[in-house]
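Chain letters run A, B, ... following the sequence lines, proteins first and then strands; every chain starts at 1.
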There are 2 protein chains.
Amino acid sequence: MDDATEVPEASRPVTIHMVAASAGVSASTVSRALNFPELVKPGTRERVLETVERLGYQPNRAARSLALGRTASLGLIVPDIANPFFAPFVKVVQARVREANYALFLADTDEDPSTEVELALAMSQQVDGLILCSPRMPGRKLRTIAAKTPVVVANRLSRSVPSIALDFGPGVQQAVAHVHALGHRRCAYLSGPGGSWSNRQRLRAFTAHCESYGIELVVLGPYEPVFSGGYRGADEALAARVTAIFAYNDMVALGVMSRLADRGVRVPDEMSVVGFDDIEVASMTSPPLTTVAIPVDTVAKASAALLLSLLAETTPQRPAAQELATRLVIRNTTGVPKEDRI
Amino acid sequence: MDDATEVPEASRPVTIHMVAASAGVSASTVSRALNFPELVKPGTRERVLETVERLGYQPNRAARSLALGRTASLGLIVPDIANPFFAPFVKVVQARVREANYALFLADTDEDPSTEVELALAMSQQVDGLILCSPRMPGRKLRTIAAKTPVVVANRLSRSVPSIALDFGPGVQQAVAHVHALGHRRCAYLSGPGGSWSNRQRLRAFTAHCESYGIELVVLGPYEPVFSGGYRGADEALAARVTAIFAYNDMVALGVMSRLADRGVRVPDEMSVVGFDDIEVASMTSPPLTTVAIPVDTVAKASAALLLSLLAETTPQRPAAQELATRLVIRNTTGVPKEDRI
DNA sequence: CGTCGTCATGCAATCGATTGCACAACCTGC
DNA sequence: GCAGGTTGTGCAATCGATTGCATGACGACG
């Protein structure tokens, strides 16, 4: 009842013509008053803006897009929104993109490469640019999509498409040096998804650094990169008689710890565990997880910034690629191996 | 180089007129062949569809929206994407909405009610419908927005706007009965954000049930509904000499546990902790958290379904409201209070 | 005081798709 | 063989905003 005054007519939205009529000018003038204020006489401008305000006019985005050929929206495609690694990424991208007055379309591929391609192709039509987070699709597809709309790839290095990737080298080197210093000589790597660029890179880094430190590396898996993936990983790592486990990511590491606890294996006394990503919960478990930290927020910010700069610049540059460093965060899941204890 | 055949012209996108010309028909026929196949002669239809395929035509969404007055996209506004409670919500909504061939705009309010209103108003112009997840804005604003576009409110009960809410009663009753049975008689409730509907409801439920079970309830806070919010909460609960803590949500509960561990207070031996929400990590900590579970996926599905049904129906119904039940999940953070031990 | 230039504004076309209406071709039945 | 129907297609208007071009008003300058 008393809402009658509050709620401004549920009827048709206000168009630029209604504003024009009400202000006694043409639609062109309204458009200019809003988009190029310096082109209209101060008096008129004021009257128009006042009318806009009074009528609560908001330009129709579809009409605007059609005329301008720009949608003022960007797309973000991630493998799994609910994954604690990607959620902060989405959050940061959304915030940056919004700052630049773009709206954000979000889609989740459920970790499926073909869904990924499908979504990217569908989205490429309705956005001004696209951020593909940890894409699993083949490079060829990536290029096809990049040909239709500006694209930035995050968490994967590409030569043909602008990308923000991670250099796992430093973090992995520190992790390997760390367990080596503690006395470990036989470790396991629990692999992530086969098609994943991240997994290949991490595996390669662990292999290389273990080799150079004289650590024997047992590669197990692949496992699903989730909590329960760590169960099997823990069992197989125990069977492989290693003293330390490098997990593909923190979720797997947490699963490993849970499974080890179930089997009565104490961490870090009887088994050391190193995670990857440094997601928020990694510091919240007990014992808190030693893990290779990834600067997610930085990656997200850089991806958004890169896409925005791509859209801003008039002359297309050659694809830029940036690699951000990782580093080891030592907490309490790594220790001296059992045999070496006093 | 060899991409030349793969990558289809980065030039202007294909319009309906190009398809029409290439197929030797008018644009109207192309449009009909795609939208109302039964209206065009099988032979023509086939030729058109084949041409569409060959040229890789995809209708321009902006033009379509303008003509139809529908955008084929929905909006979702959440307080915090990175919050492990909301992330699964977003994921499920995205999936359901996509199934119905809608794209999803996502925005994050950073827990700020005025940002929330601002975003909702901005979005209401460019979507066919809006889901407001755990909105903190006043009911009046909610109604203003609902007048501009179909809206569904999730995690909050409303009389004027269709909503999917939670009935905290059952879960809280079980939680209170549980700690009462264990022997607790003085408990703390760590409040969440003051403006939050959830917090008010939870507080009310705890107050009522503690009263009826003869448990003395100390209300503390409000605290920020995050991990670190639990630090202060833990300290103040200890100072208040309670034997059990009901946290506003799981994140706070985890913060509490961490702080208790730091202060050498053992859970559940010296302090029982009950969380709220049953987010994924609640089962992954040690000890695993006893908590009041919320059917997030169900809420998300129901919200999406409700909005879609609102859009599908021609005659507007009066706002429907649904309440989903909560329940207690007993894990290992609740036990007999210290004094009562053998 | 006349001419020219500048400034402010309006007209009309445009973006790409949809759709009411008109028309042509064909079919049916008497 | 012709009226009345049905079916398939095209024309042109429409959605709402932007923008190149034209026009009218006004001021400056000689």
Side-chain angles (χ1 to χ4, degrees), chain A residues 11-49 51-52 55-73 101 103 122 124-128 148-149, chain B residues 11-49 51-52 55-73 101 103 122 124-128 148-149:
Chain A
S11 63
R12 298 251 151 263
V14 184
T15 73
I16 200 171
H17 291 102
M18 303 167 73
V19 175
S22 173
V25 296
S26 77
S28 336
T29 302
V30 176
S31 174
R32 280 189 277 253
L34 290 169
N35 299 309
F36 307 94
E38 72 281 7
L39 289 186
V40 358
K41 186 155 59 174
T44 319
R45 184 199 312 159
E46 219 169 308
R47 187 154 38 94
V48 169
L49 295 182
T51 311
V52 162
L55 268 51
Y57 167 70
Q58 284 186 269
N60 179 312
R61 301 262 300 211
R64 196 148 207 278
S65 301
L66 186 55
L68 292 175
R70 304 184 303 103
T71 60
S73 46
N101 274 313
S124 65
Q125 298 296 309
Q126 57 189 297
V127 299
D128 294 339
K148 311 186 107 178
T149 192
Chain B
S11 62
R12 299 251 151 265
V14 184
T15 73
I16 200 171
H17 296 283
M18 303 166 74
V19 175
S22 174
V25 295
S26 77
S28 337
T29 302
V30 177
S31 174
R32 282 189 276 255
L34 291 169
N35 300 308
F36 308 93
E38 71 281 6
L39 289 186
V40 358
K41 187 153 61 174
T44 318
R45 183 199 313 161
E46 222 169 307
R47 187 154 37 92
V48 169
L49 296 182
T51 311
V52 163
L55 267 50
Y57 167 71
Q58 285 186 266
N60 179 313
R61 299 262 300 212
R64 198 149 206 278
S65 300
L66 186 56
L68 292 175
R70 303 184 304 104
T71 60
S73 44
N101 275 312
S124 65
Q125 298 295 309
Q126 57 189 298
V127 299
D128 294 341
K148 310 186 108 175
T149 192

Handout entry: For B:Thr149 against B:Val127, the heavy-atom pair lying closest together
Key = OG1-O, 3.8 Å

Donor-acceptor pairs are to be reported for all side-chain atoms of residues 13-28 of chain B against protein atoms at under 3.5 Å, with residues two or more places apart or in another chain.
unit_1	atom_1	unit_2	atom_2	d
B:Thr15	OG1	B:His17	N	3.2
B:Thr15	OG1	B:Met18	N	3.3
B:Ser22	OG	B:Arg54	NH2	3.2
B:Ser26	OG	B:Ser28	N	3.4
B:Ser26	OG	B:Ser28	OG	3.3
B:Ser26	OG	B:Thr29	N	3.4
B:Ser26	OG	B:Thr29	OG1	3.4

Exercise for the section: Do nucleotides 7-18 of chain D as a string where each nucleotide becomes B, S or -: B if the base has a protein heavy atom under 4.0 Å, S if just the sugar-phosphate does, - if no protein is that close. Expected result: -SBBBB--BBBS

Completion exercise
Taking five pairs at each terminus, the helix from C:dC1-D:dG30 to C:dC30-D:dG1 shows an axis bend, to 10°, of 50°

Problem - Sequence neighbours excluded - side-chain hydrogen bond (donor to acceptor under 3.5 Å, both in side chains) pairs with any residue from residues 56-69 of chain B - result: A:Gln125-B:Gln58, A:Gln126-B:Arg61, B:Asn35-B:Arg64

Exercise for the section: Give, for atom CZ of B:Arg32 and atom CZ of B:Arg45, the distance between the pair rounded to the nearest 0.5 Å. Expected result: 13.5 Å

Exercise for the section: Identify the heavy atoms of A:Ala33 and A:Val48 that sit nearest to each other, and give their distance. Expected result: CB-CG1, 3.7 Å

Problem - Test side-chain hydrogen bond (donor to acceptor under 3.5 Å, both in side chains) applied to A:Ser73 - qualifying residues, sequence neighbours left out - result: A:Thr71

